[in-house]
Amino acid sequence: MTTETANAPDAAAYTGSELLAVMSARLLADGQTVFAGVGIPLLAAILAQRTRAPGLTILFEGGVIGPFVEPGKLPPSTNEQRCARRANMLVSITDVLLMLQRGYVDVGFMGGAQIDRYGNLNSSFIGDAERPKIRLPGTGGGNDIASLAEMIVAMKHEKRRFVEKVDFITSPGFLDGGTSRRDAGLPAGGMFRVVTDLGILGFDAETRAMTVLALHPGVSAETIKAKTGFPLPVPADVPVTMPPTDHELGILRELDPERLYTA
Amino acid sequence: MTTETANAPDAAAYTGSELLAVMSARLLADGQTVFAGVGIPLLAAILAQRTRAPGLTILFEGGVIGPFVEPGKLPPSTNEQRCARRANMLVSITDVLLMLQRGYVDVGFMGGAQIDRYGNLNSSFIGDAERPKIRLPGTGGGNDIASLAEMIVAMKHEKRRFVEKVDFITSPGFLDGGTSRRDAGLPAGGMFRVVTDLGILGFDAETRAMTVLALHPGVSAETIKAKTGFPLPVPADVPVTMPPTDHELGILRELDPERLYTA
Amino acid sequence: MDSTGERRGGVTPYLELRAATRDRDRSLRDKVMSLEEAAKLVSDGEHVSLGGCTASRTPFAMIWALIRRGVKDLAVSRSIISTEGDLLFASGASRHIMTSWFSQGIVWGVSKVMRAHTESGRARFEEWSHMAMGLRYKAGAMGVPFMPMRSMLGSGVLDRAEGARTMECPFTGETLLLVPALNPDVALIHVQRCDAYGNAQLDGLTFMDVDMAMAAKRVILTTERIVSNEQIRRAPDQTKIGFFTVDAVVEVPFGSAPHECYGIYEPFYGHMDLYAAMTAKDPDAGAKAYLERFYHEPKNWAAYLERIGMAELLDARRRGSSIYDD
Amino acid sequence: MDSTGERRGGVTPYLELRAATRDRDRSLRDKVMSLEEAAKLVSDGEHVSLGGCTASRTPFAMIWALIRRGVKDLAVSRSIISTEGDLLFASGASRHIMTSWFSQGIVWGVSKVMRAHTESGRARFEEWSHMAMGLRYKAGAMGVPFMPMRSMLGSGVLDRAEGARTMECPFTGETLLLVPALNPDVALIHVQRCDAYGNAQLDGLTFMDVDMAMAAKRVILTTERIVSNEQIRRAPDQTKIGFFTVDAVVEVPFGSAPHECYGIYEPFYGHMDLYAAMTAKDPDAGAKAYLERFYHEPKNWAAYLERIGMAELLDARRRGSSIYDD
């Protein structure tokens, strides 16, 4: 992976990925159950567990409930034994995904390749589905998580990623906005927050369109608008997030000393 | 349980229950998978395993696949650890019943309280369902087994048990005969044999009505007809079964020394 | 189940089911309490499902505590119900039991107490096929309103099963039965061991307990012993019921006596014969006397076990552990 | 799948499914054979499902044997497919893979070989949600034509999923998705241990393997070691795949290398980096060279492992067993 730190307010202090991990970790509350994807979500969930949310229960798609991932031994996916270390329970993949359907998960947490103003995510195709310009790896559990849980998405903020309309809806956000998600048969869950290296985004309660809730230190309203492929409202009094602390960064670097996910 | 040996051709040599167990054991073939109820079916299946069908796989409703039940330690139902001893596999009840649905069972084997000419079994009510004269224990897995497997039923041959029409269809035989079973949505399985202390009964391939396939030694066509509550065809050249051997009886008595099920 | 539920074959609407789950404290926290405290978590009129099957891992200690507390009008479900069904009827704790089979056990003949209550119309024995019971819990566990299945069709059991529906399969044109999800208000499950948070590891036969715990809106675990969370974490693939489903953990040695707990004790056959004898002639009076002697008079669970008798307990224990002797 | 199957969303009609099961020898018999013998049980054009997930318990030894044999046009399904998907495409063994996610792993970026084959239209990557894959196997395992579920609705994944259908729930009026049963012709599953009859005991993560074995019309097990039936019978509650589903048992130590086998070895990361490097620039030429060097040149599985290297094997082994060190 290449190092992309251009967006970070203080490139010397932390990488964009570290910023993402810290900011999304802060959205997790003690006592919650979070279904985390590999990469930033996994790191952020563990960071939350080691700081403000010691009673956070982490689920991994491989069928893992409440593990302790060992620092420096990050798994290549959520399906290897490194994910399962000292877990409370291991179940089948189908059963852990059914926990989402049964309503046992408070927050779904994953990365994104492409997102639109209604929070729909694409990780399947760039270009046409029949003859794609780029075939991406696909949904994995993403569609199930986004269909059945309140979602936090962590991703790099780039214009080519924040698009007016995704080429393909791999994981549903609010579809066409308004009540369209519920109308499609998805009465539960939905996009809660999108965390980027520029700010924290939410969704309007009525229109379900993306809005800015906070900007990271040093990021201007113009910057975030310029890096977004659709009109993005930024309130005049938009708050500024607290930068990552040394404590948070220290934990992240202990977890991922080889910078597999935080380069 | 009271000892009922009146029907047995040689009351001194074996009980009616022993005759049932021996005769039904002989219907099981090596390599088959048999789903056995507690009581006579369990005894018969083990007897078959120890004589002509060493490779018989026994399933119990409690979730047991391929156990060895220890002589003298018969279980009170198919849901206690005595059923599970040295099994190949234990699964949930639902999963072992789903093996029937998936088609993994060759023969279902159970007892019966009341049967009619089409092999429908009643173990729910005597009299009216709303205000029964006798409330019986109900289907258990009987309905599932009879719906999804080829059936062997072992029961005492009495007029009050072999009735024109059962008060209630707990476990489906051929329903109203002909194609009615298939038409009801049960394309697989069906009654194969009914073993009684008087003979072996089968079902006509077209009408699906009960017929006599063999009589036990000393039983006349008149006797079996008189003890049956509907017209029962007995072919002129009906074969006579071979009486239980000392070897078979010896195994049964070793299995059930307290005569829990063979009194 | 309430009348709204009955109209839908008892199925809880999805958003209602999710809300009930969301509102629970599902965090990793100590849930250890006494039998009496746990009994307060069950209210009159609720749907209570029982783990185990026939004479195995019956949650007798919890049932004992509920009957002593005088709980009323429970709708009770279990895969196969045994003596505890008799006692729930006889004590007035329930007048409605949903199950596939109801009797003490084939060896003891048809239950006289069940007969007395159902034949007189004092109580209802709602009969479903055994697989239907399992798939109803499974649908509840999966968060879907029904499971498709292929038995019960054509039978009287289907005619009397409220809420089951036939369907023409849109893929194959075959006739299927759809059985409605069961999401019990409370599941009572007895296990060999669990930690203080409710992570339970079951040995041997699991019956319908795993689905039942996921299906239920609350779970009360009784356990032969409470082990450390560290012990659980050393073999997480042995955890069959997750802490997040559990609301109470009660340590009750011999908590399913006089029934068995796999690998620890077999049924207390002598006591089961005694119960059958006491209820054989006059089921009502017999059950009343039994409840008085074994449920109301003993002042705690140890005193109950004492009444059953030490020799029986030791014998059941010896037979129970013998499964590991081979 | 044949064209008849496609019209029904791929669902095998019930009587056909039962006939296929009935005609198998499901008795308790010795099924031990060599990798090469087992490879002959798979025919061109069949639907082959793969056990494990991503870099875990991938049945690599069996895939290796099939590619060496030159098998063609398999329809392949797996919960999440990794490098083995690349190699199945690159070798011509398959041009159609059904899965929820397809890449070597997030650390290595998007698979270049997958991209080369799918973007050029040479092969098809049929995408279903992860839960849909699981429920399709589960429906197949249960002998029903579909499972109801609540995700995929509203998405592009549903638009492109052949055979999935929406339904208004007859109980609740809610919108549900029905996903069609998958009954693979053959399931290839790698396990930690099993007996000669095919009773397999899995440690740790089981993925979709238990349902997959029940769903499949044949099962080929590869195993780290073959244990006695007596050992299996001492802990029957640990048996996750029953002998009756299994048609072949092949003992292949390190049978999922370079992927992991829970508790025995972790992934061979060095080798996985090597593969990624070999296919990074020219995926076609790189995959061809990889297949030549690691699939065709070694004369047996030990020689394949030798090419990967002893140091890597020992390191993966050390890391693998560390899960039990706590």
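Everything numeric here is computed off the predicted structure, so don't read it as measured data. A note on names: the letters A, B, ... follow the listed sequences, proteins ahead of strands, and every chain is numbered from 1.
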Donor-acceptor contact below 3.5 Å, side chain D:E174 vs main chain C:P13: no
Contacting moiety of D:Q238, where chain C heavy atoms sit under 4.5 Å: side chain
Residue, of C:M149, C:M147, C:R150, that accumulates the most heavy atom pairs under 4.5 Å with chain D: C:R150
Separation of C:R234 CZ from D:D325 CG (nearest 0.5 Å): 12.5 Å
For C:P148 against D:V144, the heavy-atom pair lying closest together: O-CG1, 3.4 Å
Parallel, tilted or perpendicular, as decided by the 30° and 60° cut-offs, for the rings of C:F146 and D:F171: tilted
Spacing of D:L17 atom CG and C:T172 atom OG1 [to the nearest 0.5 Å]: 11.0 Å
Minimum heavy-atom distance D:D237-C:G204, with the two atoms named: OD2-N, 2.7 Å
Interchain contact, D:L205 with chain C, by part (heavy-atom threshold 4.5 Å): neither
